[in-house]
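Comments concern the structure below.
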Protein chains: 4
Amino acid sequence: MAGVNKVILLGNLGADPEVKHLEGDKVVANLRLATTESYKDRSGNRVENTEWHDLELWDGQARVAEQYLKKGSQIYVEGKIKSDTWQDDQGNNRKRTKVRVQSFTMLGSRTGGQEDAQGGGQSSPAQNSNTNAGMNTSSTPAYDGNDSDADDLPF
Amino acid sequence: MAGVNKVILLGNLGADPEVKHLEGDKVVANLRLATTESYKDRSGNRVENTEWHDLELWDGQARVAEQYLKKGSQIYVEGKIKSDTWQDDQGNNRKRTKVRVQSFTMLGSRTGGQEDAQGGGQSSPAQNSNTNAGMNTSSTPAYDGNDSDADDLPF
Amino acid sequence: MAGVNKVILLGNLGADPEVKHLEGDKVVANLRLATTESYKDRSGNRVENTEWHDLELWDGQARVAEQYLKKGSQIYVEGKIKSDTWQDDQGNNRKRTKVRVQSFTMLGSRTGGQEDAQGGGQSSPAQNSNTNAGMNTSSTPAYDGNDSDADDLPF
Amino acid sequence: MAGVNKVILLGNLGADPEVKHLEGDKVVANLRLATTESYKDRSGNRVENTEWHDLELWDGQARVAEQYLKKGSQIYVEGKIKSDTWQDDQGNNRKRTKVRVQSFTMLGSRTGGQEDAQGGGQSSPAQNSNTNAGMNTSSTPAYDGNDSDADDLPF
DNA sequence: TTTT
DNA sequence: TTTT
C-alpha cells in the first residue's frame, strides 16, 4: 500500500516558464526541462541523448519560477511522476505524463552574457552574479511543498 | 550539458510481467507498477491516490523479472524517465512516457496465500517465504545496468 | 550556496527503537538500520555486505516509530546526513554521523509468527496482515517533516 | 536481505582533491564537500547550515576528480554511506563515516577568474564557459561504477 | 574548508 | 544488531 514515487532531475530549461494565474490566488507554472546524458558508443564516439520533461509547479513554487527562472536556467528538481488520462475525440484513451515539482534549486544559467539569470529584482549583489546563484524553494524540510505560504518564499 | 534523470519507485505490480524475447538474445519486459500515497484531507478523511507507471526492463533485468516477478510483487526500482514521440494516423504529435529500469529489488508480495511470490524455482527455503524475500538485480554498483552479462544474475 | 543532502535507505532494524521523551513535548527516537548488499565476487561466491546506519527521528516521526517499529521491521527512509562534532576528553576532534529522517515508510517485518508487525491497534484488516502493511509517515508532500502536528500522524 | 543505501549530494568542494596513487594502478581520491541549506527561522532571519561530507572515489572516478576538480568546484554526487570501524589506542570503538562515490557530475566552479575549471582541452565553446561546463563520470548507466576501465573516462 |  |  505505502509507496514511493520520486523523481530527481538536473538540467536546463528549454524555454521561459509558462505561468497561469488562476482564480483564488492559485498559480501554476509549466516548465520544459532538458536532461542530457552523454556517453561513448562502441566506436568510441561521444553520443548525446536529451530527454525533455514537462514540469508542473504550483503556487509558491510557481511564483518563484516565474520570477527567477528563464530559458537556459539550470535547476535541480525533486518531484513525482503524475499522469493525466482522458479520452480524446475519437474515444481513444490518452495519457500525458509530467513531473509535479516538490522542490527545486537554482544552479545557474547557460545563457551567458550579462543578462541576469535569476530574473532581476534582487538587491543582493551576491545573487546578481550570473553563475550559480543558488536558491532553493524549500531549503528547510519542514516546509517542503508547503507552497501555499507566501512567507515561505526563500528570500 | 551534464544532466541527471533519476526515478525511484516503490510499489506493487498490477499484472504479471509482459516479456518479449527478441532476436539476438535480446529480451524486453514491460511492467505496470502502482505507487500509492495516502493522506488525510482537510476533513480528516483518509484519501488514497494511486499512480500507475509503465516500466521497461531489458535483457538480464527482463529475465529476472520474467522469472521472479508477478502480479502483486512489491519492488523497489531505480531508473530514468524515457519518452517515445511519434506522429499518429491523424498527424498529431504523440508522446508516451515510461520508466527505463536500471535496477530493482524485490521486497515481497501482496498476493498472500501459499503461492510462491518469487516465481518458484529457488531451492533456498529462506526465499520461499512469502514475505520480503529480497533480491536485487544489481547489488553491486560496478555492474549496475550491465545486464548483458548473464552471469550477473543475482542468484 | 544552494545544496542537496539526501539519503535513501531501505533495510531492517537491528533493534527496537530507543525513544526519549524530552521536556516540552519533544520526542526523539534512535534507530539502528541495516542495509545489506549482496553480490558475487570473482570466484562466483555470493558475498554479503551490511552497513549499519544510525537514524534519528523527531516528534511525530519518533512517535510513529515508537508505536509501530521494532527489531526486524523493514522500512524505506528518506533523510539527510547530519554530523555532530565535538572534542573528547583528550582534546581530540571527534565526529559522529547519523541520518536525520525526514520521512519513512513501513514495508513489513521479518519477525514472522503471529505477532502484529505494525504494533497492534489498527482496526483495518488490510493493515493487520503481517506482510508489507505499508504505512508512510508523510505520504503527502505538503506535510513532509511537519512533524510537530500530531494530527498528521498517518492513521 | 535486499537493501538500498543511496546518497545524493550537491555542493562545493572545500579543498582540492587529495589523491593517492597506490600500487597496482589503483587510485583513491578524497574530497571534502559542503552542502548548504538555508531557511528562515521564526523571526524571519535567514539561517545557513553547512554540512561537510567526506567523499571517497576510486580509480577512474579518482582520476577524473584529480584532473578536473578543485577547491570550489560544484558537483552532483551519487554514492552510498560507508563506515569504517576500529578500536583506538584506548580500546574505544571508533567509527568514521564517509560517502563512497558511485558517480559524479561537474556543474561549475566558483573560483571565477579566467582559469578553466574543467581542466582545459575542450574545443566546444559551450564547454569553455566557466559556468556549469557539465561533465559526468558515468553518464551511461551500463558503466556506472565500472571505474576500472580507463576508456570509460568521459572525454 | 565551499558557495551565495 | 537486522534480514535472506
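Letters go in sequence order (proteins before strands), and every chain restarts at 1.
- Taking atom CG on C/D54 and atom C1' on F/dT2, their separation rounds to 14 Å, with Å as the unit.
- For C/L13 and F/dT3, the CG to P distance is 10 Å, given to the nearest whole Å.
- Partners of C/K95 according to the salt bridge (charged side-chain N to carboxylate O under 4.0 Å, His left out) rule, which considers only residues two or more places apart in sequence or in another chain, are D/D54.
- To the nearest angstrom, P of E/dT2 lies 6 Å from CH2 of D/W52.
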(request) Any chance you could lay out the side chain to side chain donor-acceptor pair (under 3.5 Å) test for D/E66 and D/Y68, step after step, and finish with the verdict? (result) CA-CA 6 Å; D/E66 183 176 30; D/Y68 294 100; over 6 Å; no
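- In this entry the distance linking CD1 of C/I75 with P of F/dT3 reads 13 Å, nearest Å.
- Rounded to whole Å, atom C1' of F/dT3 lies 15 Å from atom CG of C/D16.
- Not counting sequence neighbours, the partners of C/E56 by the salt bridge (charged side-chain N to carboxylate O under 4.0 Å, His left out) test are C/K98.
- A salt bridge is defined here as a Lys NZ or Arg NE, NH1 or NH2 lying under 4.0 Å from an Asp or Glu carboxylate O, and C/D16 with C/K70 fails to meet this definition.
- Computed from coordinates, the D/L55 CG to E/dT2 P distance equals 16 Å when rounded to whole Å.
- Rounded to whole angstrom, the span from the CG atom of B/L107 across to the C1' atom of F/dT3 amounts to 12 Å.
- On a pure distance criterion of 3.5 Å, no polar donor-acceptor pair joins the side chain of C/T36 and the base of F/dT4.
- For C/K71, taking side-chain heavy atoms from C-beta onward, the closest of the listed nucleotides E/dT2, F/dT4, F/dT2 is F/dT2.
- The separation between C/E37 atom CD and F/dT2 atom P is 19 Å, rounded to whole Å.
- Among F/dT4, F/dT2, E/dT2, the nucleotide with an atom closest to any side-chain atom of C/E48 is F/dT4.
- Not a single donor-acceptor contact under 3.5 angstrom links the side-chain atoms of C/S73 to the base of F/dT2.
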